[in-house]
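Order of the sequence lines sets the chain letters (A, B, ...), proteins ahead of strands, with each chain counted from 1.
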Amino acid sequence: MLKSHSCGDLSNAHIGSQVTLAGWIHRRRDHGGLAFIDLRDSTGIVQVVFDPQHTRGPEELTHSLRNEYVVQVVGDVVARPAGTENPKIPTGAIEVSVTKVEVLNDCPTPPFYINEDVEVDENLTLKYRYLYLRRPSVHSNMVLRHRMVKGIRDFLDRERFLEIETPILIKSTPEGARDYLVPSRVNPGKFYALPQSPQQLKQILMVAGMERYFQIARCFRDEDLRADRQPEFTQLDLEMSFADEEDILDLIERMMVELMSVLRPDAKFSQPFPRLHYADAMSMYGTDKPDLRYGLTISDIGDIAGQTSFGIFHSALESGGVVRGICVPGCAGYSKHQLSDLINRATAAGARGLVTLSVVDADNFEDGIKSVLAKHVGFDQMRSLLARFEAQDGDLILIVADTEQTTCKVLDILRREMAGRLHMADSNIFSYAFVLGFPLLDWNHEAKRWDSMHHPFTAPRADDVTLLDSDPARVRGRHYDLVCNGHELGSGSVRIHQRQLQQTVFSLLGYSDSAIEERFGYFLQAIEYGAPPHAGIALGIDRMAMLFGGQESIREVIAFPKNQNAVDLMLDSPSAVDSAQLDELNLSLKRQLIDRT
RNA sequence: GGCCCCAUGGUGUAGCGGUCUAACAUGCCACCCUGUCACGGUGGAGAUCGGGGGUUCGAAUCCCCCUGGGGUCGCCA
């Protein structure tokens, strides 16, 4: 090794010993004669001192050192002179008095600061990823992620889970997300698909008697990107035989609690994790992944709205819709401009409109309530309305009258928007919750068929199996989600383990018998051979690391992420390939693409 | 595909129709400086304001189009 010690490891215990360090120049403070340099390696930062009386070699060399040069220094660890200790850094009690320095490599002026956490154009952080990752704060995200994954492995190992790899080149199944396809050279005209998740393989591992499987699995979905979505991402995928809902939820809760104690001992969370029924989540928060760090819950005022003379309410209710709203504290003073901004957000999200009601003085309905609603609502109705929202003077009530689906969506957006403006989400709180009671199926209006809410392998509740034929909408699935602070961290279910039931569900989803055989024949055959009852879950590793690290995007916890157009700016991928490569794969590009590339 | 936001020296920002031959901080270069730690001091180089078109006597500033980026809805079994 070119170094005997690491920068961050040095302490009082090393005083008096000679050390050789190697690292990057983090910052320099050059006094002309005497010069200080903060030397950084992956363990931390230590101050090294160049004193012309002690340091050998040409003095010009000392003063020619620049940020991010890679240097090796030999020196003595000494206590800092009294009064010059730096309590701000862990190694601040000591310093290294340099006797010899060698430049191992120089470095051009970096395109952005490495020694400061100034936000910088994300393009640059992606293109020069190796420099961005040098930032101590970003480096610490990688350390945190490593410790998290290690914690998961240690925990599951103690719980007698086996880590088993499954193939990356698998079979395309057009349902669900779009697949990434890989052409086969050996089998012309045929394609592998990259796994959207190892779902079927892990269930087959249960059939294979592994009983407890997990994998830190890379998954691929060719869909549009978001702050918390990349085309390739990592899941903690696990499956457990002879288990039901409670076993999985208990396991996951214990694991998350353990991770919290290791990674975020400072943070607050409730235990046991609250459980939320899907229907309640939708009616109270408008979403199945609510941020529970703040209230702003949705109230239904359909009964009151029906008594008013407000036409919009009546038409919404008559066409089977709902009238619901949220009460935002302290925003009654919103200007016309601010209110119209909120209305724009509501209409942009698909609502036909948004009724705002500024509660200036709740005791004075004449001019204490500012709203288009005022003249359509009687005294009693206004009183019950304010009571329903528990409105105080100074509050702003936002009401949407629309289909249930649109109302939920819009109020969810407004709820998060207002909570953000009012800084209601405490970053030191982790509001975990399990969401249960999802319907098994979801009616797809466009395709006019049933879709799986989760996936087709989710077991229906035993009491609801008979409804599969008569009333599929009412069938409840044995599906559960783990949510935290408005993010879906994971999703799982008790699986179907009997061929007949699995086949019934496939049929219900609109697959013909021949399609079932072609796509899932191997799978149905597998579960026929004594599949044990089993259940599992998959948790988003990137999202977990993002939350633990207090980041707002998973790109901050992924070493080499892609931008919103799924482009890797460092590698410049995807890229065109040589026509010889295409030939070998028996592929050709469409004419218009050839012209463009 | 829709909607919203952004684009000014290397980096981060200011600028709100003329006073912009574009300001500030930091970084960079040179010189000075032996106890700093976001070291300090003096001097200097560095952007024609993402690209194109338009409005105007006059555009970094207003409008349109394009490009790039971010957020989001759709999409994500």
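- Each of A:Y113 and A:R66 was matched to the nucleotide of RNA chain B holding its nearest heavy atom; the match closer to the 5' end belongs to A:Y113.
- Using a 4.0 Å cut-off between charged side-chain N and carboxylate O, A:D402 and A:R352 make a salt bridge.
- Screening residues 489-499 of chain A for salt bridge (Lys or Arg N to Asp or Glu O under 4.0 Å) gives A:E239-A:R495, A:R499-A:E528 as the qualifying pairs, with residues at least two apart or on separate chains.
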Next on the checklist: What does the B/S/- profile of nucleotides 32-40 of chain B look like, 5' to 3', with a 4.0 Å heavy-atom cutoff to protein?
Outcome noted: -BBBBBSB-
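- Pair check for B:G40 finds B:C32; Watson-Crick or G-U wobble, both atom distances under 3.5 Å.
- When the C1' atom of B:G12 is taken as reference, atom CG of A:D117 falls 13 Å away, rounded to whole Å.
- Note: CG (A:N444) to C1' (B:G74) measures 13 Å, nearest angstrom.
- Atoms CD (A:E68) and P (B:G27) sit 14 Å apart, rounded to a whole Å.
- Every side chain to side chain donor-acceptor pair (under 3.5 Å) that A:D237 has, sequence neighbours left out, goes to A:K202, A:Y213.
- For A:E223, the salt bridge (charged side-chain N to carboxylate O under 4.0 Å, His left out) partners two or more places apart in sequence, or in a different chain, are A:R178.
- Across all strands shown, A:Q196 has no heavy atoms under 4.0 Å from either base or sugar-phosphate atoms.
- Remark: aromatic rings of A:H31 and A:F36 are close, center separation under 6.0 Å.
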Between the protein and nucleotides 69-73 of chain B, which nitrogen or oxygen pairs are less than 3.5 angstrom apart?
from: B:G69; atom 1: OP1; to: A:N563; atom 2: ND2; distance (Å): 3.0
from: B:G69; atom 1: OP1; to: A:N565; atom 2: ND2; distance (Å): 3.4
from: B:G69; atom 1: OP2; to: A:N565; atom 2: ND2; distance (Å): 2.5
from: B:G70; atom 1: OP1; to: A:Q564; atom 2: N; distance (Å): 2.9
from: B:G70; atom 1: OP2; to: A:Q564; atom 2: N; distance (Å): 3.4
from: B:G70; atom 1: O3'; to: A:R555; atom 2: NH2; distance (Å): 3.0
from: B:G71; atom 1: OP1; to: A:R555; atom 2: NH1; distance (Å): 3.4
from: B:G71; atom 1: OP1; to: A:R555; atom 2: NH2; distance (Å): 2.4
from: B:G71; atom 1: OP2; to: A:Q564; atom 2: NE2; distance (Å): 2.8
from: B:U72; atom 1: OP2; to: A:A227; atom 2: N; distance (Å): 3.2
from: B:C73; atom 1: OP2; to: A:R226; atom 2: NE; distance (Å): 3.3
from: B:C73; atom 1: O2'; to: A:K409; atom 2: NZ; distance (Å): 3.1
from: B:C73; atom 1: N4; to: A:R226; atom 2: NH2; distance (Å): 3.3

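- Pair assignment for B:C3: B:G71, on the basis of Watson-Crick or G-U wobble contacts that are both within less than 3.5 Å.
- Only the P atoms considered, B:C6 is 16 Å distant from B:C65, to the nearest whole Å.
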Atom pairs and distances, side-chain donor-acceptor, residues 91-99 of chain A, under 3.5 Å, sequence neighbours left out:
from: A:T91; atom 1: OG1; to: A:I45; atom 2: O; distance (Å): 2.7
from: A:E95; atom 1: OE1; to: A:Q47; atom 2: NE2; distance (Å): 3.0
from: A:T99; atom 1: OG1; to: A:V74; atom 2: O; distance (Å): 3.1

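- Among A:F438, A:Y285, A:F434, the single residue meeting the ring-ring contact (aromatic ring centres under 6.0 Å, His included) criterion with A:Y278 is A:F438.
- Within the 4.0 angstrom heavy-atom criterion, no nucleotide atom of any strand lies near A:T458.
- The separation between A:N67 atom CG and B:G27 atom P is 8 Å, rounded to whole Å.
- Partner assigned to B:G12 is B:C24, using Watson-Crick or G-U wobble distances below 3.5 angstrom.
- Contacts of A:L124 with the nucleic acid, taken as non-hydrogen atoms under 4.0 Å apart, involve only primed sugar atoms and P, OP1 or OP2.
- Taking atom P on both B:G51 and B:G1, the two are 25 Å apart, rounded to the nearest angstrom.
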